[in-house]
S.K.: 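Before I ask anything, here is the structure I am working with.
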Amino acid sequence: MTLLAPAIILDRPQLGQNIGAVARAMANFGLTDLRLVAPRDGWPQEHAWASASGADWPLNAARVYETVAEAIADLTLVLATTARPRELQLPVLTPREAAEQAHAEAAQGLHTGLLFGPERAGLETADIALCQAVVTLPVDPRFRSLNLAQAVIILAYEWRMGLDAAAPAIFRPGPEPADAASLMGLYGHLEAELETAGFFHPPEKKPSMVQNLRSALGRGRFSEQEVRTLRGVITALSRGRGRVLEKIARSKAEAERKSN
């Protein structure tokens with residue numbers, strides 16, 4: 001079942017750029033119902049489309065109302081966003097709790113809304129009184145200011161997370177980790193070369209050194225391809241060491257020949 005996303009209601013929005021930024025935030029997370037209450041500069045506003053960066057559909061379908069009461073008339077649950085405590089006795093929700101309530105209403109086929117006030121003055125108490133709860137963000141008390149689009153996108157994100165918390169499908173999942181047999185082959189290969197190189201010294205510490213190496217490598221959760229690559233690296237290093245030793249031996253033999 002497709003859940004009806006909350007309406008975004010902007011009370012007395014002041015700038016077309018702000019409305020365009022809100023449209024972008026809505027489009028990011030699948031919200032389309034934009035309602036404008038007495039926009040200061042009228043509607044439509046060219047600057048809104050210019051700043052929406054292609055997120056035109058919330059703007060194209062936006063509806064204009066004279067009052068908040070008219071804008072929320074068809075909604076069963078309206079949540080007011082504000083950072084300032086009021087004298088009203090309303091439940092206070094975090095964005096996540098607000099999204100959960102909106103989902104619960106939508107699951108019953110009901111339509112909800114999120115009410116945002118103008119950036120400079122915020123919502124009036126009389127308009128908050130028309131709502132069923134207040135949503136406030138857990139921002140640092142030293143700086144509570146959020147612009148309108150920031151507030152909308154946080155609420156829209158929490159709504160979206162309730163629909164699908166998985167990473168987008170466009171991100172390809174990584175390869176499966178290698179099985180234990182492949183890892184044991186890697187461990188044995190590396191440990192044999194380290195033994196040849198004299199790495200395990202003193203000998204009595206070898207068991208703990210091996211254990212530490214295996215633990216560190218195991219945390220990597222290597223894929224089969226990565227295991228093969230690492231074994232190729234070990235082989236290349238061991239062959240390179242052999243060539244170096246061979247060159248040293250030839251140089252030493254040549255030196256001895258000349259001295260004789």
Side-chain angles (χ1 to χ4, degrees), residues 3-45 48-49 51-52 55-84 86 88 90-95 97-106 109-137 146-160 162:
L3 299 182
L4 192 58
I8 298 297
I9 307 127
L10 306 184
D11 184 23
R12 293 165 290 138
Q14 296 175 351
L15 295 173
Q17 292 93 327
N18 293 347
I19 301 173
V22 167
R24 291 201 310 269
M26 293 174 64
N28 280 146
F29 297 106
L31 279 63
T32 59
D33 187 355
L34 176 61
R35 306 182 182 193
L36 309 175
V37 179
R40 185 189 67 177
D41 301 320
W43 188 257
Q45 297 176 32
W49 275 265
S51 60
D56 295 341
W57 52 99
L59 299 176
N60 295 339
R63 289 174 280 177
V64 179
Y65 300 85
E66 290 297 321
T67 66
V68 169
E70 293 171 352
I72 67 173
D74 64 324
L75 305 178
T76 60
L77 174 70
V78 183
L79 306 176
T81 60
T82 181
R84 297 200 302 270
R86 310 294 179 112
L88 298 171
L90 290 174
V92 179
L93 308 175
T94 65
E97 292 168 336
E100 290 171 355
Q101 286 208 12
H103 276 284
E105 291 277 314
L110 303 175
H111 199 179
T112 64
L114 300 168
L115 176 62
F116 298 84
E119 287 187 293
R120 290 185 181 276
L123 290 170
E124 294 182 357
T125 302
D127 291 325
I128 297 176
L130 300 176
C131 302
Q132 286 71 55
V134 165
V135 184
T136 193
L137 281 64
L146 282 171
N147 68 39
L148 181 58
Q150 288 174 329
V152 170
I153 203 166
I154 291 172
L155 271 294
Y157 168 81
E158 291 294 350
W159 163 265
R160 185 75 174 194

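The structure displayed is predicted, hence computed values, not measured ones. Residues take their numbers from the sequence shown, with the count starting at 1.
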S.K.: Walk me through whether L75 and I9 qualify under side-chain contact (heavy atoms from CB on, under 4.5 Å).
M.R.: CA-CA 11 Å; L75 305 178; I9 307 127; 3.8 Å; yes
S.K.: Between Q150 and L146 (side chain of the first, backbone of the second, donor and acceptor by atom type, cut-off under 3.5 Å), is there such a pair?
M.R.: no
S.K.: Mind checking side chain to side chain contact (heavy atoms under 4.5 Å, CB included) for L4 and listing every partner two or more places apart, or none if nothing turns up?
M.R.: H111
S.K.: Restricting to non-hydrogen atoms, name the atom on P58 and the atom on A55 that form the minimum distance, rounded to 0.1 Å.
M.R.: CD-O, 3.5 Å
S.K.: Between atom CD1 of I153 and atom CZ of R160, what is the distance when rounded to the nearest 0.5 Å?
M.R.: 12.0 Å
S.K.: Is the number of heavy atoms from other residues, nucleotides or ligands within 6.0 Å of OH (Y157) greater than 12?
M.R.: no
S.K.: Please name the pair of heavy atoms, one in A106 and one in W159, separated by the smallest distance, quoted to 0.1 Å.
M.R.: CB-CH2, 4.0 Å
S.K.: Let me confirm one number: the CD1-CG distance from I72 to L114, rounded to the nearest 0.5 Å.
M.R.: 12.0 Å
S.K.: Taking all non-hydrogen atoms of both residues, which atom of E66 and which atom of E70 are closest, and how far apart?
M.R.: N-OE1, 3.2 Å
S.K.: If you round to the nearest 0.5 Å, how far is CG of L93 from CG of L137?
M.R.: 11.5 Å
S.K.: Do T136 and V92 come within less than 4.5 Å of each other through their side chains, counting heavy atoms only?
M.R.: yes
S.K.: How long is the straight-line distance from CG of L115 back to CD1 of I128, given to the nearest 0.5 Å?
M.R.: 8.0 Å
S.K.: Show which side-chain atoms of residues 31-38 pair as donor or acceptor with protein atoms under 3.5 Å away, not counting sequence neighbours.
M.R.:
from: D33; atom 1: OD1; to: R35; atom 2: NE; distance (Å): 3.2
from: D33; atom 1: OD1; to: R63; atom 2: NH2; distance (Å): 3.0
from: D33; atom 1: OD2; to: R35; atom 2: NE; distance (Å): 3.3
from: D33; atom 1: OD2; to: R35; atom 2: NH2; distance (Å): 3.0
from: D33; atom 1: OD2; to: R63; atom 2: NH2; distance (Å): 3.3
from: R35; atom 1: NH1; to: A71; atom 2: O; distance (Å): 2.7
from: R35; atom 1: NH1; to: D74; atom 2: OD1; distance (Å): 2.7
from: R35; atom 1: NH2; to: D74; atom 2: OD2; distance (Å): 3.1

S.K.: Just to verify, what does E158 make a side-chain hydrogen bond (donor to acceptor under 3.5 Å, both in side chains) with, not counting sequence neighbours?
M.R.: R96
S.K.: My understanding is that only residues two or more places apart in sequence, or in another chain, count here; which of them pass side-chain hydrogen bond (donor to acceptor under 3.5 Å, both in side chains) with E105?
M.R.: T76
S.K.: If you look at every heavy atom in G117 and L148, which pair is closest and at what distance?
M.R.: O-CD1, 4.0 Å
S.K.: Residues two or more places apart in sequence or in another chain: which of them pass side-chain hydrogen bond (donor to acceptor under 3.5 Å, both in side chains) with N60?
M.R.: W49
S.K.: Among V64, L10, D11, exactly one meets side chain to side chain contact (heavy atoms under 4.5 Å, CB included) together with P39. Which residue is that?
M.R.: V64
S.K.: Report yes if some heavy atom in the side chain of F29 is under 4.5 Å from a heavy atom in the side chain of I154; otherwise report no.
M.R.: no
S.K.: Would you list the atom pairs, donor with acceptor, under 3.5 Å between side chains in residues 14-27 and any protein atom, with sequence neighbours excluded?
M.R.:
from: N18; atom 1: ND2; to: E119; atom 2: OE1; distance (Å): 2.7
from: R24; atom 1: NH1; to: S51; atom 2: O; distance (Å): 2.2

